There are 2 protein chains.
Amino acid sequence: MSSTIPSTRVKNPEELGRYLLKERRSLKLTQKEISEFTDVGRKFILELEKGKKNARIGKVFELIDALGMELHLVKRGDR
Amino acid sequence: MSSTIPSTRVKNPEELGRYLLKERRSLKLTQKEISEFTDVGRKFILELEKGKKNARIGKVFELIDALGMELHLVKRGDR
DNA sequence: AATAAAAGTTTCCGATCTGGGACTTTTTTA
DNA sequence: TAAAAAAGTCCCAGATCGGAAACTTTTATT
């Protein structure tokens, strides 16, 4: 299937972190607030936003969800 | 920006694993082969494909790349 | 500029990962 | 259906995570 939803490619943990930070800011949420209504600690958010390479995927999904976002897989080179 | 690239939403580690397995199969690659040309071990691939919750994000990116795919972030509810 | 809030840093430490190797089970294919 | 290949399981050991809490630095607000 095909979609016309705006999406941002993230190539690596650095880009992921940068984007999550940007999104959190635009939602006017603090790290503390998010850590309070999710299962994700403040330190985790802090480190992920700074590009942590080894964060655990389950928690990454939780945080993405908390920020009102989704993760999509795209086949490279598809047209 | 907007795109018309086919993408598959992955909500959690289970869906991610399922999709990566499907993609690996369609590329006719074995776990062993991938582990040989990447920095990702066979056991890691095995467990991720089975939906491992705590896989580390850096290796997930490596595997996605090895399978010729990209990860995209999408704002939920955007139209 | 002073105060407060948010963000970033550091330490401690139990929990869990990851790769390697060896073995078993399942699937493929000749 | 027999052999080979792939996938899955198990144990080990060293590495790293991630929460909590206390502290420092940066940013925001008055």
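Note that the structure is a prediction, hence the values are computed from the model and not measured. Every heavy atom of this structure was used, including side-chain atoms; hydrogens, water molecules and symmetry mates were not. Below, chains carry the letters A, B, ... as their sequence lines are ordered, and counting in each starts from 1.
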Let me know the distance between [atom1] of [X] and [atom2] of [N], rounded to the nearest Å.
{"X": "B:L48", "N": "C:dG19", "atom1": "CG", "atom2": "C1'", "answer": "15 Å"}
{"X": "B:F44", "N": "C:dG20", "atom1": "CZ", "atom2": "P", "answer": "14 Å"}
{"X": "A:D39", "N": "D:dG19", "atom1": "CG", "atom2": "C1'", "answer": "11 Å"}
{"X": "A:L46", "N": "D:dG19", "atom1": "CG", "atom2": "P", "answer": "11 Å"}
{"X": "B:E49", "N": "D:dG8", "atom1": "CD", "atom2": "C1'", "answer": "11 Å"}
{"X": "B:I45", "N": "C:dG20", "atom1": "CD1", "atom2": "C1'", "answer": "14 Å"}
{"X": "A:L27", "N": "C:dA6", "atom1": "CG", "atom2": "P", "answer": "16 Å"}
{"X": "B:N54", "N": "C:dA15", "atom1": "CG", "atom2": "P", "answer": "14 Å"}

Is it true that [X] and [Y] fall in one hydrophobic cluster, defined by side-chain heavy atoms closer than 4.5 Å?
{"X": "B:I57", "Y": "B:V74", "result": "no"}
{"X": "A:L48", "Y": "A:I34", "result": "yes"}
{"X": "B:F44", "Y": "B:V10", "result": "yes"}
{"X": "B:L27", "Y": "B:L21", "result": "no"}
{"X": "B:F61", "Y": "A:L71", "result": "yes"}

Of all residues at least two apart in sequence or in a different chain, which pass the side chain to side chain contact (heavy atoms under 4.5 Å, CB included) check with A:K11?
->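 Scan of A:K11 (side chain to side chain contact (heavy atoms under 4.5 Å, CB included), adjacent residues dropped) gives A:R9, A:E15.
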Mind running a 4.0 Å heavy-atom check of residues 29-37 of chain A against DNA chain C and sending the residues that fall below it, in number order?
->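 The answer is A:T30, A:Q31.
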In residues 12-20 of chain A, what residues come within less than 4.0 Å of DNA chain C, judged by heavy atoms?
->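 Here the set is empty: none.
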Close side-chain approach of B:L20 to B:L16, heavy-atom, < 4.5 Å |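 Answer yes - side chains close enough.
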Do B:S35 and B:V40 come close enough that some side-chain heavy atom pair is under 4.5 Å?
->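 Heavy-atom side-chain distance check fails, nothing below 4.5 Å.
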With sequence neighbours excluded, give me every salt bridge (Lys or Arg N to Asp or Glu O under 4.0 Å) pair touching residues 37-49 of chain A.
->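 Residue pairs passing salt bridge (Lys or Arg N to Asp or Glu O under 4.0 Å), neighbours aside: A:R24-A:E49, A:E47-A:K52.
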Looking at [X], I'd like to know whether one of its side-chain N or O atoms comes within less than 4.0 Å of OP1 or OP2 on [N].
{"X": "B:R56", "N": "C:dG19", "result": "no"}
{"X": "A:K59", "N": "D:dG19", "result": "yes"}
{"X": "B:K50", "N": "D:dT9", "result": "yes"}

When rounded to the nearest 0.5 angstrom, what distance separates CG in B:L46 from NZ in B:K32?
->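 If I round to the nearest 0.5 Å, the distance is 15.0 Å.
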Pairwise distance OH(B:Y19) to OG1(B:T8) - rounded to 0.5 angstrom =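 Atom-to-atom, B:Y19:OH and B:T8:OG1 are 3.5 Å apart.
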Check step by step if salt bridge (charged side-chain N to carboxylate O under 4.0 Å, His left out) holds for A:K75 and B:E70.
-> CA-CA 6 Å; A:K75 288 191 201 181; B:E70 303 175 353; over 6 Å; no
Work out how much the helix from C:dA1-D:dT30 to C:dA30-D:dT1 bends between its end axes, five pairs an end, to the nearest 10 degrees.
->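 Axis-to-axis angle, ends of the helix: 70°.
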Evaluate the criterion salt bridge (charged side-chain N to carboxylate O under 4.0 Å, His left out) for residue pair B:K53 and B:E14; output intermediate values, then yes/no.
-> CA-CA 8 Å; B:K53 284 184 177 53; B:E14 290 71 30; 3.1 Å; yes
Using a 4.0 Å heavy-atom cut-off, write out nucleotides 21-28 of chain D from 5' to 3' as B (base contacted by protein), S (sugar-phosphate only) or - (no contact).
-> -B------
Between the main-chain N or O of A:M69 and the side-chain N or O of B:R76, is there a donor-acceptor pair closer than 3.5 Å?
->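 It does hold such a pair.
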